[in-house]
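Note that ligands are numbered from 1 as they come in the structure, with each ligand's atoms numbered from 1 the same way.
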Amino acid sequence: MNFLNQFIERDQLIKEWIYDAAKTIKTSFNVELDIQQKSNRNDLVTNMDKAIEKLFIEKIQQYFPGERILGEEGFGDDVQNLDGVVWIIDPIDGTLNFIKQQSDFAIMVAIYENGKGQMGYIYDVMQDKLYSAQKGSGAYCNQTLIPVVDDKPLKEGLVAISSALMSKEEGLARIVGRASSGVRLIGSAGIETAHVVSGRLIGYLAASLAPWDIAAGKVIAEEVGLVYTKLNGDSIDLLKKNASLVAAPLAHKEIISLLSAENKV
Ligand code: IPD
Ligand code: CA
Ligand code: CA
């Protein structure tokens, strides 16, 4: 597959699908949602998460038959390796925010080829901000090129952490909170990563992100010079859950050495 020849066509289609999906999500605000519990009472799925995933799968199968799809809600393929082209989809990232706040949720789509991120999209639906990147071409927020990150020390930036990390590892949150300008919690890995990409945050740490929480953000983050790894500095494994850290290079180093000094990773 020569992605270079297909970037523009794929980019146009993916953006169309994302904007259509967002319209469908917004219409659901006036209708009662069907909400089900997955692994625990804070791990929820709605009929909208399922409908949006199906919408993407239908389109991908129509335009790119034969390409495999890893989707959070399980309507795609049983992906056990990253050979060839694999689409990675999180139909609604921040489902709890979607249900409880009707804001701070995102649609995320990524394409990987033989394990390498080629295209990534995070759409902050209620802010109408589409973060996108194609490998080697920089990252954009809507039509505006996002500058490469300002590599400031940790003490000069705000850090977001996931709610799961906060409840499992208060000590870790405290360490990072003291060493930075402060800690923030938003509740959408996609939107938190987008804030790191745009320089509003210096880093984002999470206890246990699934491949679909990471895939799109990693492509976009790396295009602006951010470092995206496991919390102990190892490479992300996109077939498993990862304790993860995305941050500007200096802050990334500082967080990892702080956590290892305190035996937190
Ligand atoms: C969740 C959100 C949340 C993160 C969780 C994710 P979902 O995604 O991104 O911020 O802390 O680990 O699972 O379930 O709303 O798509
Ligand atoms: Ca998610
Ligand atoms: Ca989701």
Side-chain angles (χ1 to χ4, degrees), residues 17-18 21-22 24-25 28 33-57 69-76 87-110 120-127 131 158-170 172-173 176 183-197 200-201 203-221 228 230-231 236-247:
W17 302 341
I18 286 176
T24 307
I25 293 174
S28 76
L33 287 171
D34 173 11
I35 303 172
Q36 285 162 13
Q37 193 169 306
K38 296 204 278 188
S39 58
N40 61 63
R41 72 182 169 83
N42 292 322
D43 184 14
L44 304 176
V45 61
T46 72
N47 52 316
M48 264 301 120
D49 298 71
K50 294 178 188 173
I52 299 303
E53 181 162 313
K54 284 181 185 164
L55 187 153
F56 277 101
I57 289 175
I69 306 161
L70 173 58
E72 173 172 14
E73 308 311 339
F75 298 109
W87 293 69
I88 305 181
I89 314 267
D90 190 337
I92 300 181
D93 177 58
T95 296
L96 264 178
N97 289 351
F98 166 61
I99 295 169
K100 294 185 184 292
Q101 303 180 326
Q102 298 188 341
S103 69
D104 286 328
F105 60 89
I107 299 168
M108 303 209 281
V109 178
Y121 297 81
I122 299 173
Y123 185 44
D124 180 337
V125 174
M126 301 313 287
Q127 293 293 321
Y131 300 86
L158 293 166
V159 176
I161 65 173
S162 73
S163 167
L165 192 64
M166 183 71 161
S167 44
K168 274 188 207 151
E169 279 284 3
E170 280 174 22
L172 187 152
V176 175
V183 167
R184 298 290 182 270
L185 271 84
I186 298 171
S188 155
I191 290 178
E192 281 154 313
T193 304
H195 285 335
V196 185
V197 165
R200 292 188 283 270
L201 296 170
Y204 167 60
L205 292 82
S208 176
L209 292 189
W212 40 84
D213 296 316
I214 296 173
K218 187 166 182 291
V219 179
I220 302 169
Y228 205 139
K230 291 189 188 179
L231 210 43
I236 293 286
D237 181 347
L238 273 180
L239 295 169
K240 291 194 176 135
K241 287 201 164 182
N242 297 257
S244 61
L245 166 64
V246 53

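- Closest to atom 9 (O) of ligand 1 among all protein heavy atoms lies D93 OD1, 2.7 Å.
- Residue contacts with ligand 1 do not include L44, since none of its heavy atoms lies under 4.0 Å from the ligand.
- Residue M126 qualifies as enclosed at atom CE: its count of foreign heavy atoms under 6.0 Å is above 12.
- Look at S208 and you'll find a heavy atom under 4.0 Å from some atom of ligand 1.
- In terms of polar-atom proximity, D43 is not counted as a contact of ligand 1, lacking any N or O under 3.5 Å from an N or O of the ligand.
- Below the 3.0 Å limit, the Ca ion (ligand 2) has as protein N, O or S neighbours D90 OD2, D93 OD1, D213 OD1.
- Heavy atoms from other residues, nucleotides or ligands lying under 6.0 Å from NZ of K38 number more than 12.
- Checked by atom type and distance alone, the side chain of D34 never pairs as donor or acceptor with a backbone atom of N47 at under 3.5 Å.
- Between the side chain of N242 and the backbone N or O of K240 there is at least one donor-acceptor pair closer than 3.5 Å.
- Each of the following atoms of ligand 1 lies closer than 4.0 Å to a heavy atom of I92: 16 (O).
- A distance-only check finds a donor-acceptor pair linking the side chain of E53 to the backbone of G74 [under 3.5 Å].
- In this structure, I161 CD1 and Y204 OH are separated by 9.5 Å, a value rounded to the nearest 0.5 Å.
- The protein non-hydrogen atom at the shortest distance from atom 13 (O) of ligand 1 is D213 OD2, 3.6 Å.
- Checking only distances, A189 does come within under 3.5 Å of ligand 1, N or O to N or O.
- Checked by distance only, ligand 1 and G94 come closer than 3.5 Å through their nitrogen or oxygen atoms.
- Of the heavy atoms in S188, only backbone atoms (N, CA, C, O) come closer than 4.0 Å to ligand 1.
- Protein heavy atom at the shortest distance from atom 14 (O) of ligand 1 is E72 OE2, 3.7 Å.
- Counting heavy atoms only, G187 comes closest to atom 10 (O) of ligand 1 of the residues S163, S244, G187.
- Checking side-chain atoms of D49 against main-chain N and O of V45 turns up no donor-acceptor pair under 3.5 Å.
- Between L209 and ligand 1, not a single N/O pair is under 3.5 Å apart.
- Using a 4.0 Å cut-off between heavy atoms, I186 makes no contact with ligand 1 at all.
- Under a 4.0 Å criterion applied to the non-hydrogen atoms of D90, ligand 1 contributes the atoms 16 (O).
- Counting the atoms of ligand 1 from 1 in the order shown, those under 4.0 Å from a heavy atom of T95 are 15 (O).
- With a 4.5 Å cut-off on side-chain heavy atoms, D93 and I122 do not count as touching.
- Considering backbone and side-chain atoms alike, S162 places every N or O at 3.5 Å or more from each N or O of ligand 1.
- Between F105 and I25, some side-chain heavy-atom pair lies under the 4.5 Å cut-off.
- Using a 30° and 60° split on the angle between ring planes, F56 and W17 fall in the perpendicular class, above 60°.
- Taking 4.5 Å as the limit, every side-chain heavy atom of T193 sits out of range of all side-chain heavy atoms of I220.
- Side-chain atoms of E192 come within 3.5 Å of backbone N or O of I186 as a donor-acceptor pair.
- For K230, the side-chain hydrogen bond (donor to acceptor under 3.5 Å, both in side chains) test picks out no residue, with sequence neighbours left out.
- At a cut-off of 3.5 Å, with distance as the only test, no side-chain donor of S188 or N97 sits close to an acceptor on the other residue.
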